[in-house]
Amino acid sequence: MSASTGMSQDLASYNFAYLDEQTKRMIRRAILKAIAIPGYQVPFASREMPMPYGWGTGGVQVTASIIGPDDTLKVIDQGADDTTNAVSIRAFFQKVANVAVTTRTRDASIIQTRHRIPEEKLTEGQVLVYQVPIPEPLRFLEPRETETRKMHALEEYGLMHVKLYEDIARHGHIATTYAYPVLVAGRYVMDPSPTPKFDNPKMDMSEALQLFGAGREKRIYAIPPHTKVVSLDFEDHPFEIQHFDEPCALCAAEGVYLDEVILDDRGGRMFVCSDTDHCEERRAAGHRGRLSAEEAYTGREDAIRETAR
Amino acid sequence: MTMAQFDTQAVSGGFTDPVFEAQAAFRALMDASARPGTIHDLPAGLAPPAPLGAGSGAVMLALCDPDTPVWLAEALRGEAVSAWIAFQCGAPIVGDGASAAFAFAAANDMPALSALSAGTQEYPDRATTLVVEVEAFEGGEEIMIEGPGILGRSRIAPMGLPHSFLNERAGNRALFPRGVDVVLVCGSRVMALPRSTVLSRKSEQEAN
């Protein structure tokens, strides 16, 4: 433990990673039970964090409870490393835990995410921590916690199928595109947090451990590695992920999840990778999309210099 | 035992760097639970009073506190162990396994899984975690395991578990999502068999 001994000399270790030790133990016990019962939402005594609910307090508490001095942390918000939520949570852990941070998916040992799973396949040593707003998949169908708890206890998920069926009756197809319900290890129906359904297949038999934290709703749940995760569907209306007509405008990637970016007020738009690290790596490897011409960059830099003058 | 010896024994042999060693112990347990049957290293250097082992001590100090009632097997119920637990983590010691959050035992002194709490159908997380000291992780009867966290099937052979263990585990698995979670420790190493893991005798599988 030489690394950690050095660590404790540099930093007051009694509040390493913000939370006090008793809170960490409580969350750690909840995480172990969550792993033992895949997909079941374990109640925990969620603490107030120095950020509002909705900013990832559940994910932050899970990360704070598992992180150690040797970890490398990556934080993404809708796939991006550089948006407000991702930047501030990354800065938070740099400050309170003094850990290494990265934007490269494969260098991270812990990835905290809001609503995306990285495009790059996760590996065995990695942990994916989801920030979850509403953990209960049945909540919009049944508002009473006592009832949804009973439904999970009795494995009574007919209502969820009725909801998907009503989608088909009304729209001709299952219109749920995010927070698409999944069945974990053949037992619990689980809300994968508001990830696009595009990412659902990545949860199935993942090599990484997946942990979910909902701060306001005070629930922690988990999917161990190599666990069957099935998106609910019907034989005649099988589960399908979103498809995009064009590749990423910057790196020409296909088969990835794209964000729409409005370019002007005359209907101009582009579709770019939601996973910024994936897009940057592809561009560094020489892939070029429709709008990524080197000249366009030089032109823009000139324009910025003009403005600066 | 004089009073002076008793006092130092209770206050020594815990984590030397509690924050980081507790984190390391938890990560070993988390990885072990996420990948049942794999062996992970707990922080070494703990010296709880005998017969409580170093690995069991590390698990206890990482997870137990005044919120978690602890049950001890007959052999562990000495004054020295009780005093150590009281000083090191303050966990209350209970006589009834069904009300314990954690239970500690040696393989030859294991309680029946049915004597511990399996949680309720609504709250299956309110179940006991049983920490068992085995003689070795290899050399015992060969057991095949499968379930969440295991790619296909895998083999373990912990030594010293009672012969009835597999039958008890089958009964425990039938309760799912209720059930007792088992953690095996040997020295300062740990292996987890959460309730989701299905165990079967290798010889039986070959017969099938």
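Lettering follows sequence order; numbering is per chain, from 1. All values reported here derive from a predicted model rather than from experimental measurement.
Of the inter-residue distances, the one linking B/Q121 atom CD with A/E155 atom CD reads 9.0 Å to the nearest 0.5 angstrom. With values rounded to the nearest 0.5 angstrom, A/I67 atom CD1 is found 8.5 Å from B/Q23 atom CD. Expressed to the nearest 0.5 Å, how far CZ of A/R149 lies from OG1 of B/T120 amounts to 8.0 Å. Put simply, CD on A/E207 and CG on B/L151 are 8.0 Å apart, with the number rounded to the nearest 0.5 Å.
Between chain A and the options B/P66, B/P177, B/A101, B/S33, the largest number of non-hydrogen pairs under 4.5 Å is found for B/P177. Annotation: maximal heavy-atom pairing with chain A below 4.5 Å, among B/A192, B/G45, B/C64, occurs at B/C64. Comparing A/G125, A/A36, A/A17 by how many heavy-atom pairs each has under 4.5 Å with chain B, the most go to A/A36. The most heavy-atom pairs under 4.5 Å with chain B, out of A/I66, A/V42, A/T227, A/I35, come from A/I66. Between chain B and the options A/H152, A/Q22, A/R25, the largest number of non-hydrogen pairs under 4.5 Å is found for A/R25. The candidate from B/D67, B/T16, B/D31, B/L193 with the greatest count of non-hydrogen atom pairs under 4.5 Å with chain A is B/D67.
With a threshold of 4.5 angstrom between heavy atoms, A/E21 approaches chain B through side-chain atoms but not through N, CA, C or O. With a 4.5 angstrom heavy-atom cutoff, A/V127 touches chain B only via side-chain atoms. Heavy atoms of A/E124 lying under 4.5 Å from chain B belong to its backbone as well as its side chain. Residue A/K228 does not touch chain B at all, counting heavy-atom pairs closer than 4.5 Å. Heavy-atom distances place both the backbone and the side chain of A/R28 under 4.5 Å from chain B. Neither the backbone nor the side chain of A/D20 comes within contact range of chain B; no heavy atoms are under 4.5 Å apart. Only the backbone of B/I150 comes within contact range of chain A, judged by heavy atoms closer than 4.5 Å. When heavy atoms are compared at a cutoff of 4.5 Å, A/I223 does not approach chain B at all.
Residues B/M30 and A/I31 form a side-chain contact, since some pair of their non-hydrogen atoms from C-beta on lies under 4.5 Å apart. B/R35 is listed as a side-chain neighbour of A/P225, based on a closest heavy-atom distance under 4.5 Å. A/T146 has its side chain out of reach of B/E122: every pair of non-hydrogen atoms, C-beta onward, lies at least 4.5 Å apart.
Using a cut-off of 4.0 Å between Lys/Arg side-chain N and Asp/Glu carboxylate O, A/R29 and B/D65 are scored as salt-bridged. Taking a cutoff of 4.0 Å between a charged side-chain nitrogen and a carboxylate oxygen, B/R27 and A/D71 qualify as a salt bridge.
Contact between B/A34 and A/P224 at its shortest, heavy atoms only, is O-CB, 3.9 Å. Smallest separation of non-hydrogen atoms from A/R187 and B/F176: CG-CE2, 3.9 Å.
Listed in order of number, the residues of residues 123-138 of chain B that approach chain A to under 4.5 Å between heavy atoms are B/Y123, B/P124, B/D125, B/A127, B/T128, B/T129.
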Stepwise side chain to side chain contact (heavy atoms under 4.5 Å, CB included) check, B/L63 with A/L32: CA-CA 10 Å; B/L63 296 176; A/L32 293 181; 3.6 Å; yes

